[in-house]
Amino acid sequence: MFYNICFSPTGGTQKVADILANECAGDKKVIDLTDRTRNFGGISLSGDDVALIAVPSYSGRVPAIAVKRIAAINGNGAKAVLVCVYGNRAYEDTLTELRDTATKAGFRVIASVAAVAEHSILRNFAQGRPDEADRKQLIEFAEQIRGKLLSGNATEPNIPGNRPYRKISATGMIPKATRACTNCGLCARKCPVGAIDGNDFHHIDREACISCMRCVAICPQKARKVSPLMLFLGKMMLNKACSKRKENELYLY
Ligand SMILES: Cc1cc2nc3c(=O)[nH]c(=O)nc-3n(C[C@H](O)[C@H](O)[C@H](O)COP(=O)(O)O)c2cc1C
């Protein structure tokens, strides 16, 4: 069986994972790592399975909650294709941390991909990506990965990244409900970490919030927003690092 295991609060990582997974396999089982109601410890794969494990890069690292949920899964020797998706700045130690997490969980890493998607906080960076050129390139990557899977070569590829991993810097970008909020509660139900109070959607647990922007992306009223000043400052700070188009990368050997 082919597993598509993905942590994608705003859908960019999922887009990349789906392009690769659709090209690699027919039947697939989808595991949504943002689902906080799921018991990930109850998921066991086997040595015949292949898993695509996809996460976004947050501060050049794997989001801590994704590490925890992947670590709970029992890989049992299943082959893994790792995918890190980033917003056109950099992904630093994300693939290395994902590799270490997946290996500890019992997966055998046979390929890794770093791909670009629209920046989920600063939407002007990598806007519209993955685009048509990305799609074509990711399909080529998937063909090469499928070739390696069929060849029986299960060697681990060399990937970039350092240990100890870089220090995480909190973005401070905590979305808030505006007056347009109709109290539908979708944000609280779908928050990957349960940071929005289920009885008062204006109340956020600031310690728990991971600034993933899920609530901003899914609100039917577009009622959840990050401070425009914070967004402006973020865009100014990252403008140089994020503006030049970065290309997707495949690590196979
Ligand atoms: C809290 C946070 C931190 C981020 N840090 C980085 C980063 O260090 N480098 C980068 O290029 N993009 C960064 N991004 C952008 C995301 O990696 C990128 O937009 C990704 O596609 C988001 O995945 P999603 O659409 O599946 O939620 C960050 C986004 C968030 C929400």
Side-chain angles (χ1 to χ4, degrees), residues 4-21 30-36 52-67 69-70 82-98 113-131 134-135 138 160-162 165-176 187 190-193 195 204 206-219 224-227 230-231 233-235 237-249:
N4 185 348
I5 303 174
C6 190
F7 185 83
S8 183
T10 73
T13 308
Q14 190 75 61
K15 274 185 202 162
V16 171
D18 288 350
I19 295 169
L20 291 165
V30 174
I31 296 176
D32 176 8
L33 292 171
T34 67
D35 182 356
R36 67 178 198 272
L52 186 129
I53 307 176
V55 298
S57 175
Y58 286 2
S59 292
R61 297 277 305 271
V62 182
I65 190 69
V67 169
R69 290 174 185 170
I70 295 164
L82 306 181
V83 182
C84 130
V85 179
Y86 68 108
N88 205 51
R89 186 191 65 75
Y91 61 90
E92 283 110 345
D93 304 331
T94 314
L95 275 183
T96 292
E97 187 176 17
L98 184 56
V113 171
V116 178
E118 185 165 309
H119 199 295
S120 49
I121 304 179
L122 307 169
R123 291 269 168 194
N124 57 316
F125 298 128
Q127 206 166 40
R129 294 186 73 183
D131 56 20
D134 292 318
R135 216 178 68 81
L138 291 169
N162 296 300
Y165 315 129
R166 79 196 293 264
K167 216 168 153 282
I168 296 170
S169 45
T171 63
M173 303 269 192
I174 312 277
K176 293 201 180 79
C187 56
K190 295 287 184 183
C191 174
V193 292
I204 303 140
R206 296 178 68 89
E207 293 292 308
C209 175
I210 57 168
S211 300
C212 71
M213 304 295 136
R214 161 68 63 83
C215 56
V216 176
I218 61 163
C219 176
R224 294 193 78 90
K225 297 216 180 331
V226 169
S227 138
M230 293 284 279
L231 285 180
L233 292 174
K235 283 175 189 170
M237 260 172 57
L238 292 186
N239 194 41
K240 200 163 170 232
C242 289
S243 292
K244 195 166 169 276
R245 183 182 175 101
K246 311 230 162 68
E247 292 307 332
N248 308 305
E249 295 157 302

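Just follow the structure's listing: the first ligand is 1, and inside any ligand the first atom is 1.
- Geometrically, ligand 1 and Glu92 share no nitrogen or oxygen pair separated by less than 3.5 Å.
- Considering backbone and side-chain N/O of Ser57, one or more are found under 3.5 Å from N/O of ligand 1.
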| query | Would Asp134 and Arg129 count as a salt bridge (charged side-chain N to carboxylate O under 4.0 Å, His left out) if you check the C-alpha gap in whole Å, the side-chain angles of each, and the deciding distance to 0.1 Å? | reply | CA-CA 7 Å; Asp134 292 318; Arg129 294 186 73 183; 2.8 Å; yes
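- Remark: ligand 1 and Gly12 share an N or O pair separated by less than 3.5 Å (distance only, no angle test).
- Under a 3.5 Å cut-off, the side chain of Asn88 and the backbone N or O of Glu118 do not form any donor-acceptor pair.
- Taking every non-hydrogen atom of Glu118 and a distance limit under 4.0 Å, the qualifying atoms of ligand 1 come out as 18 (C), 19 (O), 21 (O).
- Between Pro56 and Pro63, some side-chain heavy-atom pair lies under the 4.5 Å cut-off.
- When atom types are taken as modelled, the side chain of Arg69 and the backbone of Leu33 share a donor-acceptor pair closer than 3.5 angstrom.
- Here is the list of ligand 1 atoms found below 4.0 Å of a heavy atom in Gly11: 24 (P), 25 (O), 26 (O).
- Scanning all protein heavy atoms for the shortest distance to atom 22 (C) of ligand 1 gives Ser120 OG, 3.5 Å.
- Within the 3.5 Å criterion, the main-chain N or O of Gly60 finds a donor-acceptor partner in the side chain of Thr94.
- Between Val55 and Val67, the closest side-chain pair of non-hydrogen atoms is not below 4.5 Å.
- With respect to Asp131 and Arg245, a salt bridge is recorded, a charged nitrogen being found less than 4.0 Å from a carboxylate O.
- Considering backbone and side-chain atoms together, Cys212 places no N or O closer than 3.5 Å to any N or O of ligand 1.
- For the pair Val226 and Met213, the minimum side-chain heavy-atom distance is below 4.5 Å.
- At under 3.5 Å, not a single nitrogen or oxygen of Arg166, backbone or side chain, sits near a nitrogen or oxygen of ligand 1.
- Neither the backbone nor the side chain of Cys242 has a heavy atom within less than 4.0 Å of ligand 1.
- Taking distance alone, with nitrogen or oxygen atoms compared against 3.5 Å, Ile210 stays at or beyond that limit from ligand 1.
- At a threshold of 4.5 Å between non-hydrogen side-chain atoms, the residues Val216 and Arg123 do not count as touching.
- Of all protein heavy atoms, the one closest to atom 27 (O) of ligand 1 is Thr10 N, 2.8 Å.
- The contact set between ligand 1 and Ala117, taken as ligand atoms under 4.0 Å from a residue heavy atom, comprises 21 (O).
- Contact annotation: the side chain of Tyr91 approaches that of Glu249 to within less than 4.5 Å [non-hydrogen atoms, C-beta and beyond].
- The shortest N or O to N or O distance between Arg89 and ligand 1 is under 3.5 Å.
- Residue Tyr58 has no nitrogen or oxygen atom sitting less than 3.5 Å from a nitrogen or oxygen atom of ligand 1, judged on distance alone.
- The part of Ile121 lying near ligand 1 is the side chain, judged by heavy-atom distances below 4.0 Å.
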| task | List the steps and the verdict of salt bridge (charged side-chain N to carboxylate O under 4.0 Å, His left out) for Lys190 and Asp32. | result | CA-CA 12 Å; Lys190 295 287 184 183; Asp32 176 8; over 6 Å; no
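- Near Ser211, meaning under 4.0 Å from one of its heavy atoms, ligand 1 places the atoms 1 (C), 31 (C).
- Distances below 4.0 Å separate heavy atoms of Pro56 from the following atoms of ligand 1: 20 (C), 22 (C), 23 (O).
- Each of the atoms 8 (O) of ligand 1 lies under 4.0 Å from some heavy atom of Gly60.
- Under a 4.0 Å criterion applied to the non-hydrogen atoms of Val85, ligand 1 contributes the atoms 17 (O), 20 (C), 21 (O).
- Close approach to Thr13 involves these atoms of ligand 1, each under 4.0 Å from a residue heavy atom: 23 (O), 24 (P), 25 (O), 26 (O).
- By the 4.5 Å heavy-atom criterion applied to side chains, Asp18 and Asn4 are counted as neighbours.
- For the pair Ser59 and ligand 1, the shortest N or O to N or O distance falls below 3.5 Å.
- Residue nearest to atom 9 (N) of ligand 1, selected from Ala90, Ala217, Gly87: Ala90 (by heavy-atom distance).
- Looking only at distances, no side-chain donor or acceptor of Glu97 sits under 3.5 Å from a matching main-chain atom of Arg61.
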